[in-house]
Amino acid sequence: MSFIMVDIEADGPIPADYSMICFGAVVVEPSLSKTFYGRLRPVSEKWIPEALAVSGFSRDETLAFDEPGAVMRAFEAWVAEVSASRPMFVSDNNGFDWQFINWYFHHYLERNPFGHSSTNLGSLYKGVVKDMIAGFRGLRRTRHTHHPVDDAMGNAEALLAMKETLGLRIRLE
């Protein structure tokens with residue numbers, strides 16, 4: 001199984017009514033050298049200024065981003081290229097990140113290369129350390145900047161640290 005850490009930035013809380021502005025992905029492997037970054041033109045006229053501000057982009061900037069279908073086709077091709085076997089979507093907050101990626105894949109491609117499953121990094125960490133209030137963020141090396149590749153990288157580092165220092169059994173391809 002190929003584990004792909006994903007992080008997204010959006011201009012609101014739900015897909016279709018609001019837009020995924022950009023996302024990043026990193027293959028979880030020791031080199032952390034395989035990355036993807038996509039910036040998507042908004043799909044809705046609605047947006048929340050405070051939500052968009054997290055991404056660091058203005059509304060005018062996002063209107064010049066790439067056509068979402070093209071970005072999702074490129075992401076699907078990248079996932080196929082970097083996955084030796086079935087890809088597994090992993091995210092710090094998969095309740096948020098997954099809903100956008102899944103909606104965009106199904107809306108534009110009528111399929112999702114990740115299937116119907118995802119893994120939540122925070123929940124995984126809580127189980128590994130057997131503490132429902134524990135947080136994994138201290139395992140990141142890359143600073144959390146809200147650039148989605150940086151954030152996916154830091155989360156991938158945390159997953160690798162769980163394997164190396166906490167004994168998480170995970171086979172990386």
Side-chain angles (χ1 to χ4, degrees), residues 3-29 31-79 81-82 87-109 112-114 118-125 135-162:
F3 294 91
I4 300 181
M5 190 67 67
V6 179
D7 184 72
I8 77 112
E9 299 297 334
D11 64 10
I14 59 173
D17 286 350
Y18 298 94
S19 304
M20 178 166 60
I21 298 305
C22 57
F23 67 94
V26 177
V27 176
V28 181
E29 60 182 1
S31 73
L32 297 174
S33 62
K34 298 173 185 168
T35 65
F36 183 91
Y37 178 57
R39 299 187 319 177
L40 304 88
R41 186 172 48 243
V43 298
S44 169
E45 294 299 317
K46 291 174 66 174
W47 56 288
I48 299 170
E50 297 81 14
L52 179 59
V54 172
S55 72
F57 296 112
S58 71
R59 179 67 174 185
D60 286 341
E61 287 173 313
T62 66
L63 293 172
F65 287 175
D66 297 325
E67 188 271 318
V71 175
M72 298 314 291
R73 284 187 296 279
F75 187 41
E76 179 186 49
W78 179 84
V79 168
E81 178 185 318
V82 301
M88 173 57 76
F89 181 104
V90 186
S91 174
D92 174 10
N93 182 358
N94 68 326
F96 184 75
D97 298 327
W98 171 259
Q99 71 173 330
F100 279 94
I101 293 291
N102 188 50
W103 184 89
Y104 274 74
F105 267 134
H106 281 284
H107 184 78
Y108 289 101
L109 281 64
N112 182 340
F114 294 106
S118 65
T119 296
N120 185 293
L121 183 63
S123 297
L124 176 62
Y125 181 75
F136 70 89
R137 288 175 173 87
L139 299 176
R140 292 176 177 152
R141 289 190 319 267
T142 300
R143 194 168 71 87
H144 191 82
T145 64
H146 291 290
H147 184 291
V149 174
D150 289 346
D151 296 353
M153 184 73 66
N155 293 338
E157 291 163 351
L159 184 55
L160 290 172
M162 286 184 225

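- Going from atom OG of Ser123 over to atom CG of Asn94 covers 7.0 Å, rounded to the nearest 0.5 Å.
- Note: His107 and Trp103 have parallel aromatic rings, judged against thresholds of 30 and 60 degrees for the angle between ring planes.
- For the atom pair OG1 of Thr119 and CE of Met5, the computed distance is 9.0 Å after rounding to the nearest 0.5 Å.
- Take Phe89 and apply the ring-ring contact (aromatic ring centres under 6.0 Å, His included) test, not counting sequence neighbours, and it matches Trp98, Phe114.
- Not a single donor-acceptor pair under 3.5 Å links the side chain of Glu76 to the backbone N or O of Pro113.
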List the atom pairs, donor and acceptor, that lie under 3.5 Å between side-chain atoms in residues 12-25 and the rest of the protein, sequence neighbours left out.
residue, atom, partner, partner atom, Å
Ser19, OG, Val43, N, 2.8
Ser19, OG, Ser44, N, 3.4

If you look only at distance, which donor and acceptor atoms sit under 3.5 Å apart when one is on a side chain in residues 32-41 and the other is two or more places apart or in another chain?
residue, atom, partner, partner atom, Å
Ser33, OG, Ser31, OG, 2.9
Arg41, NH1, Phe65, O, 3.4

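- Of all the heavy atoms in Met153 and Val26, the pair that sits closest is N-CG2, 3.8 Å.
- At least one side-chain heavy atom of Pro42 sits less than 4.5 Å from a side-chain heavy atom of Leu63.
- For Asp92, the salt bridge (Lys or Arg N to Asp or Glu O under 4.0 Å) criterion is met by Arg137, Arg140, not counting sequence neighbours.
- Here the shortest heavy-atom pairing between Met72 and Phe105 reads O-CE2, 3.5 Å.
- Residue Arg141 qualifies as open at atom CZ: its count of foreign heavy atoms under 6.0 Å is 12 or below.
- Here the straight-line distance linking atom CG of Leu121 with atom CE of Met162 works out to 4.0 Å at 0.5 Å rounding.
- Atoms CG and CG, from Asn93 and Asn155 in turn, are 10.0 Å apart once rounded to the nearest 0.5 Å.
- For the atom pair OG (Ser118) and CG (Asp97), the distance works out to 9.5 Å, reported to the nearest 0.5 Å.
- Nearest approach of Asp7 to Ala152, heavy atoms of both residues: CB-N, 4.0 Å.
- Summarising the geometry of Ala158 relative to Phe136, their closest heavy-atom pair is CB-CD1, 3.5 Å, with the distance given to 0.1 Å.
- Listed by chain and number, the residues in a side-chain contact (heavy atoms from CB on, under 4.5 Å) with Thr145 are Arg143, His147, Asp150, Asp151 (sequence neighbours excluded).
- Phe100 approaches Ala10 most closely through the heavy-atom pair CZ-CB, 3.6 Å.
- At a threshold of 4.5 Å between non-hydrogen side-chain atoms, the residues Thr62 and Leu52 count as touching.
- Annotation: side-chain contact (heavy atoms from CB on, under 4.5 Å) contacts of Ala70 (sequence neighbours excluded): Glu67, Arg73.
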